[in-house]
Each structure stands twice: as structure tokens, then as C-alpha cells.
Amino acid sequence: MQCAETAGLKFFREEVREWLHANKPKEDRPHDFQGQIAFDRAWQHTQFKGGWAGISWPEEYGGRGLLPSQQLIWCEEYVRARCPVVHDSFWLSLNHAGPTLIARGTEEQKAFHLPQILRGEKSWCQGFSEPNAGSDLASLRTRGEIDGDHLVVNGQKIWTTNAHLSDYQELLVRTGAPDSRHRGLTWIICDMRTPGIDIRPIKALDGHYHNCEVFYDSVRIPLSNVVGAIDGGWSVTMTTFGFERGPATFGGICEMIVLIDDLIALARQSPPWGGPAPVEDGAIAVRLGELRARIESLRAMMYLLVASSEAGVDLGAETSFLHLPFGETLQALGRLAMDIAGPAGLGRTMSPHWVATYLNSFCATLAGGTAEILRNVIGERLLGLPR
Amino acid sequence: MWNILLNDDEAMITESVRAFLSAEMPLERLRPKAVQADWQAIRRNMAELGWFAVGLSEECGGAGLGLVEEMLIQREFGRYVVSPSTLAIVLAGHICSAAGDPARAVEATSGEAAVGLALLHPDARGMAPAYLFDWQEGGRIVAWTDAGIGLFPAAALSGWRPEEAMDDSLTLHSGTLALDKAIHWIPARQSPLLARARVLIAAALVGLADHACDLTVAYAKIREQFGSPIGAFQAVKHRCADMGVRTRLAWYQTNVACLKTIAEAPDAALQTDSALLLAAEAAHENGRAGIQMHGGIGFQAECDIHWFMKRAHVYDQLAGGRLALARSVLSYPPAA
Ligand SMILES: Cc1cc2nc3c(=O)[nH]c(=O)nc-3n(C[C@H](O)[C@H](O)[C@H](O)COP(=O)(O)OP(=O)(O)OC[C@H]3O[C@@H](n4cnc5c(N)ncnc54)[C@H](O)[C@@H]3O)c2cc1C
């Protein structure tokens, strides 16, 4: 264990702060799809030009080659400066598609894709889940048949976040026998503009279009797009999950650190309809205090992940720990915000921020593996309990 | 960045303390018909190993190490439900050291004499109602309020009488402590000692949660019902997973609190109170879930799982209790 932020890191933090303050977008992110794509690209490109894209990515692919702790500092300051949403159409590219390629991709794949992500030119989505294969991902049925130097894909994915805003996809297909489970899967890079792909956005409970159905009708993908080996996609998927359930939660955790401060401030005000400030109520105070403490502990866990990756220590299944408390804490925060807002939480126009947080929080225990599946993983892989 | 990864030395401290305690102070010692171990000899042994003085300067008989090592040791003490008087001894050493009394620091941490740990109201002054854990007649006492922390002679305690402790692994006395009769009194603003004591309490609470989790997971692997180990049932497995998550988050938070306390970071108190709140909750909840996952045997005195639940209340009260901790966590401003 070691104390304190070095002078170098402090300086870095100052630099980040100043830059974000001067360069963050002044206008709001638009609501229409085309507008969002344009906005996300422009903002990512601005970050790239400023030298802030891929802070911990290797330099040869356009990154800065700095430390994971610097990436985390960026993330903390990004949120503190109230920059546009962390989960825009580049989030997945930056947080698990890119890192998966860095860990498992070929030299050509890295050289081609990584710089395009950082420059804000191409964004990614994830095509894992299917209508009949969610938690039981290894039962998926979308077929990939080898035909010459291509894989021909037929089938359907669902819940693909931002498929309608994306250029590429982490696509997982069955190349082995129908009952081959996790031994017969292939992880392949799919260009979303390939003929035969049909994308249909789905309206979510918060009224927004986050997810899509994606249909594949004889979609031809070059075999050179396979990451890992044919039929070796499960281990690449585990690499992706390692990022998705670990470091990819950092942005969301940093957002919670700001949210809880806002919520405490709200709880200290007398409600517009009268009565004492909610924080005077002991039950609210306990929930709010415990929530703040929990969020601090998630931050502590981020420090651990960063330190272990810098020291080259493999924490193994320990990383999948972060995702479960992250999702449940966000959900608890959303619910508490509604309790504190009281009647004002009934109107989206009255408490836009808190209603959006609350409604969106329901996906935090579903996406990236449900809370139940994560408990299975923790119980079996970390605690060694029988299956 | 706050690097909370254990280095090799730190991992070794944990390992060696755990090995010693599992041999000398196994939980079986607390069972109804267990042969009583010679606690005084063990305490002396611990003192010889340097565990009570690790954080003190060499002049005071210490190893010149710091709060990190003390935290690691306290977690192990928590795991084995060791007497809170070990915390009192550690603090007594620091109090004497802060008071410029190295001779007494050496004596206090020698393990020769027991030191009782007192629970006072945080705002107490003058003649303060006190509850004492593992105090022996004639023995010294460590006690604190929000104003400071002190080492007291037995003579400062009046009207004392033994109580029957809810946590029957220790003794409880009630009495009145004369706060102006301290051997040494260190005002809170002059020393970070109180802050350090709170980190150590958090560590002990994490130890309780941690061992409750370990025993429960181990039991879930061997106890069979319906033809399979109960740990294969999700209702059990998921509760075990929750025990593991609670323990780890509380531990990482305690680690950050420790480093920030050492560095006197502006948000150190927020970090420590957060650690205490989470660690107490982890100890309570793991204690409860641990009893539940053991079934009927979990309710029996001979089963080791109930000690964690009981001891959790002692440390939780020493930390101020849930509502006070939560209010305290809310009292700190947002990070700059
Ligand atoms: C907002 C959002 C974004 C998403 N984005 C993507 C994306 O970009 N790409 C992608 O591929 N997928 C995405 N998903 C899909 C997500 O990964 C799945 O929804 C999730 O894995 C659950 O699968 P399912 O929906 O089929 O539910 P099911 O697997 O049918 O689960 C239904 C319920 O049963 C429980 N359950 C299932 N199996 C078990 C078990 N063995 N033990 C205990 N309980 C069990 C589940 O926990 C859940 O509560 C997203 C989902 C959401 C909500």
C-alpha cells in the first residue's frame, strides 16, 4: 500500500481540468439519431485532437501510452466538469471493444480499428444476446458458415445497444455444431454497413431508443475479421466481459460520485410542497449516508483495479466484483432520489435529472450480465462453491 | 492515486498473524466446554512478536512501521474475535508516545497487563458514564470522546459493577469515569490518534465479516441436503456472494481510509466514517447470514458462527452506531 497522489499525477489532473473546462461542448447532445452520431463523433474528435483519447492505449495505435491511473483521473475530472454523458456511442468502443482488440486482436486489426475509434470516426456495438440466448449466452444460435475466405452469418441478435449509431460490432456467432455450447463460438468484427444487416431500434421504458434488434441475412464477413480463433470465441468473450464488468464501469462510478453529492444537496432543501428537509428524517439519513459510503467503496475498488493492472497483478474473477455492486448501488440511488424528490419525482419536466437516473437505473442490473448471473460467477469462481 | 494493493511484506504480516491466531486462539476456544487457554501468556507472546507496538517509534519499543501494519493486524484480531483490549493496548502505547512518555509506552505494550477499552458518549465531560470491555479490576483503561483520547488509572473509575455481556466472549463493566483523572490525555486537535483508532475499529469489523464469510462458504461446500452441497443452491450461493462483496468493499474502503488518514488528506474523515459504516454493516449482515446458512446448528453456542454477530455490536457502538455514522458521512462537503 502506498499513500498519496504523486506531484506528476496532480499536475496531470490540473491539466485535464483546465482542458475540459475550456473545450467541453457548450450545447446539449441532440435527441435525434443522426444528430447524436454527429455530436458524439465531433466531441470524440475534439478529445483526440487535444491528446486525450486513449490515454492508456499504446502509442502506436494513436493512444498516449500513459498509466491506467491517468485514465481514471481523466474519467473523474470528465464527470466533475459535467461533460456530455459517459455512455455515448463511443463508450463501448473505448471501454471494451478497443481493449479487447488490444488484448486479443491481430496486428492488422489493431492498426486498422484502434486509431479510427480514437479519432472519433468509427464507433462500436456488441452483438452477443439473442432472443433465446441471454443469460445462457453459450446457447446462442446465430450461424456462421465458412465460405471461402468469408464467414456467412444468418440469424438474429437483440438488445444491441446503439446498433443504430454504430459502424462496427463485436459479433458472437455459432461456427461449431448446434450443441457445441461455448466450444463452438466465434468472435468476429462485423461492419454494420455490410449488405444483409437490418437494424430495428426498440423503445425502452424511459422512452429512449437504447437497444436494437439486428437481423443477419447471409451477411458476408471476411475471415480476417475473426478475433482469436474460429470456435475459440468464448475465451475472447471472457476477455470482453473482463473489461465490461471491470474498468468499463469506471465512468458510471465517477458519475455516481457526482450524483450522490447532488442528491445530498437536494435532501438538505425543504421540499417545495412544504415540510422539513428530507435529510432530517433518520431513515433517509441512514440510506443516504450508506449510499455515499458505498459509492466511496466502489471508488476504492477502482483504485485497486488500477493499481493491480499497473503492477501486472492478475486479480482474476475479482474484477467481476465491481459490476454487481455498481449496478445495485445505482439502482438504490435512483430509488432514493425518487423518495427524496417526493411528488416532484412524478413529473419528468419537474425533476428531469432524477427521473432519468431512476428509469435508466433498471438496466444496471441487467446489461453486461444480470445481477443473478454475477452472483453465480462470484459464488462459483471466486468463492469456489459448487455449480 | 491511492495504491491499496498489498505488497509482499504486508501480505506476510497478514499470513503470519493469521497462522499464529489459528493455532493459539482458534474460535473453538470460545465453545462452552473448551479448555481455557492462558490468555495472559498468549498476550505476552503477541507483545514479543511486536504486534502491539508495530506503529510506535523504536524509542517507544516499536518497529517504526505504521497504521497500515496495525490495520492488517487488527483485521486478523477481528477474524479471531480477539479481545478488544488488544486495541486498547495498541492505543495506550500511542497515547503514552504522544504524551512524550516512552517508558510507559514500552510498559503498556509489553503485554504484561491487560488494558480495558471503554465506551463513552462522544460529548461526555467530567464524570462520564462508561462501559468497559475486558477490563480487569485494578487495570488501566483507554477511553475517548470527540474531544480526545486518554489512558486512565483504575482509580479514575468509580461505582463500577460487572454486567452480563451480550457478547459473552468478553467481560463488561459499567461505571463512571472521571475524565480529569487521566494519566495522559491527548486532545483530538493535537494528534491524529482518534482518527487512527477509528481506522483500526473498521479493520476489526472487516475481520469479523471476513471470517463469517469464510466459515459460511466452507460450510456450504460440505453440508449436503437434497443430495447436493447446499452451496449449489442459488439461494445459498447468492447470499454467500453478497457476503463476499460486502466484505471486500468494506475492506478496500478501510484501506483507502487508512492511507488517507496517514496522509492527512482533506477527506480522510469521510473515508474513515464510510469505512466504519460499511464494515459495521458487513459484520452485522454477514453475522446474520452466517447463522442462517448454518441452519439449526447456527443457533447453538457450540457453533462458532454467532461470535461475529455479537462482536459486531461492540465495535459498531464504539464507532458511534449506524445513525450517527450515517449523519457524519453526510456532514462532509463534496470533494473539491
Ligand atoms: C439496457 C440494456 C442494454 C443491453 N445491451 C446489450 C448489448 O449491447 N449487447 C448485447 O449483446 N446484449 C445487451 N443486453 C442484453 C443483456 O446482456 C441481457 O438482457 C442479459 O444478459 C439477460 O438476458 P435476457 O434478457 O435474455 O434475460 P434472461 O436470461 O431470460 O433472464 C431473465 C431473468 O432470469 C434470471 N436468470 C436467468 N438465468 C438464471 C440463472 N441461471 N440463475 C438465476 N437467475 C437466472 C435473470 O437474472 C433474469 O432476472 C442489454 C440489456 C439491457 C437491458
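What's counted below: heavy atoms across the whole structure, side chains too, no hydrogens, waters or symmetry copies. Each chain gets a letter, A, B and so on, in the order the sequences are listed, and its residues count up from 1.
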For chain A, the option from B/H238, B/K221, B/Q253 that forms the most heavy-atom pairs under 4.5 Å: B/H238
Which portion of A/N376 sits near chain B, non-hydrogen atoms under 4.5 angstrom: both
Working for side chain to side chain contact (heavy atoms under 4.5 Å, CB included), residues B/V256 and A/Y303: CA-CA 9 Å; B/V256 169; A/Y303 292 152; 3.8 Å; yes
Heavy-atom neighbours of A/R268 CZ exceed 12 at 6.0 Å: yes
Which atoms of A/L304 approach chain B - backbone, side chain, both or neither, heavy atom under 4.5 Å: both
Side chain, backbone, both or neither of B/L276 within contact of chain A (heavy atoms, under 4.5 Å): neither
Which atoms of A/R287 approach chain B - backbone, side chain, both or neither, heavy atom under 4.5 Å: neither
Largest heavy-atom contact set with chain A, pairs under 4.5 Å, which of B/D9, B/L323, B/V236, B/V245: B/V245
Distance (rounded to the nearest 0.5 Å) between A/E296 CD and B/K260 NZ: 7.0 Å
Neighbour count above 12 (heavy atom, 6.0 Å) for B/M12 CE: no
Nearest heavy-atom neighbours spanning B/G231 and A/L385: O-CB, 3.9 Å
Shortest non-hydrogen contact from B/Y332 toward A/R292: O-NH1, 2.8 Å
Partner chain A: residue of B/L325, B/T254, B/L277 with the largest heavy-atom pair count (under 4.5 Å): B/L277
Contact origin within B/S228 toward chain A - heavy atom pairs under 4.5 Å: neither
Among A/P386, A/A283, A/A267, residue most engaged with chain B (heavy-atom pairs, under 4.5 Å): A/P386
Neighbour count >12 (heavy atoms, 6.0 Å) for atom NE2, A/H21: no
Part of B/A265 lying under 4.5 Å from any heavy atom of chain A: neither
Side chain / backbone / both / neither for A/L383 at chain B, heavy atoms under 4.5 Å: both
B/D123 atom CG: more than 12 heavy-atom contacts under 6.0 Å: yes
For A/P325 against B/L249, the heavy-atom pair lying closest together: CB-CD1, 3.6 Å
From CE (B/M1) to CG (A/L72), nearest 0.5 Å: 4.5 Å
Point-to-point distance, once rounded to the nearest 0.5 Å, from CD of A/E328 to CG of B/D242: 6.5 Å
Among the listed options B/I262, B/D273, B/N255, the residue most often paired with chain A at heavy-atom distances under 4.5 Å: B/N255
Value rounded to 0.5 Å, distance of CZ in A/R387 from NZ in B/K237: 7.0 Å
Most chain B-contacting option - heavy-atom pairs closer than 4.5 Å, from A/G379, A/G282, A/S297: A/S297
From A/L382 atom CG to B/R248 atom CZ, the distance as rounded to the nearest 0.5 Å: 4.5 Å
Contacting region of B/V68 [heavy-atom separation from chain A under 4.5 Å]: side chain
Residue part contacting chain B, namely of A/A285, when any heavy atom lies under 4.5 Å: both
Heavy-atom proximity to chain B below 4.5 Å, by part of A/Q70: neither
Evaluation steps, side chain to side chain contact (heavy atoms under 4.5 Å, CB included), between B/R239 and A/R375: CA-CA 8 Å; B/R239 283 182 181 88; A/R375 284 191 166 85; over 6 Å; no
Exceeds 12 heavy-atom contacts within 6.0 angstrom, atom CD of B/E264: no
B/Q292 atom CD, neighbour heavy-atom count above 12 within 6.0 Å: no
A/M1 CE to B/E10 CD distance, which is reported to the nearest 0.5 Å: 5.5 Å
Shortest non-hydrogen separation from B/R327 to A/V279 and the atoms involved: NH1-O, 3.2 Å
Toward chain B, the part of A/V258 with a non-hydrogen atom under 4.5 Å: neither
Pairs of heavy atoms under 4.5 Å with chain B: top-ranked of A/V306, A/D261, A/I264, A/I73: A/D261
Audit row: B/W2, A/Q2, side chain to side chain contact (heavy atoms under 4.5 Å, CB included) steps and yes/no: CA-CA 6 Å; B/W2 305 85; A/Q2 213 169 12; over 6 Å; no
Which atoms of B/V329 approach chain A - backbone, side chain, both or neither, heavy atom under 4.5 Å: both
Non-hydrogen atoms of A/A307 and B/L5 that approach each other most closely: O-CD2, 3.8 Å
Test item: A/E372 and B/Q234 side chains (from C-beta on) under 4.5 Å apart, heavy atoms: no
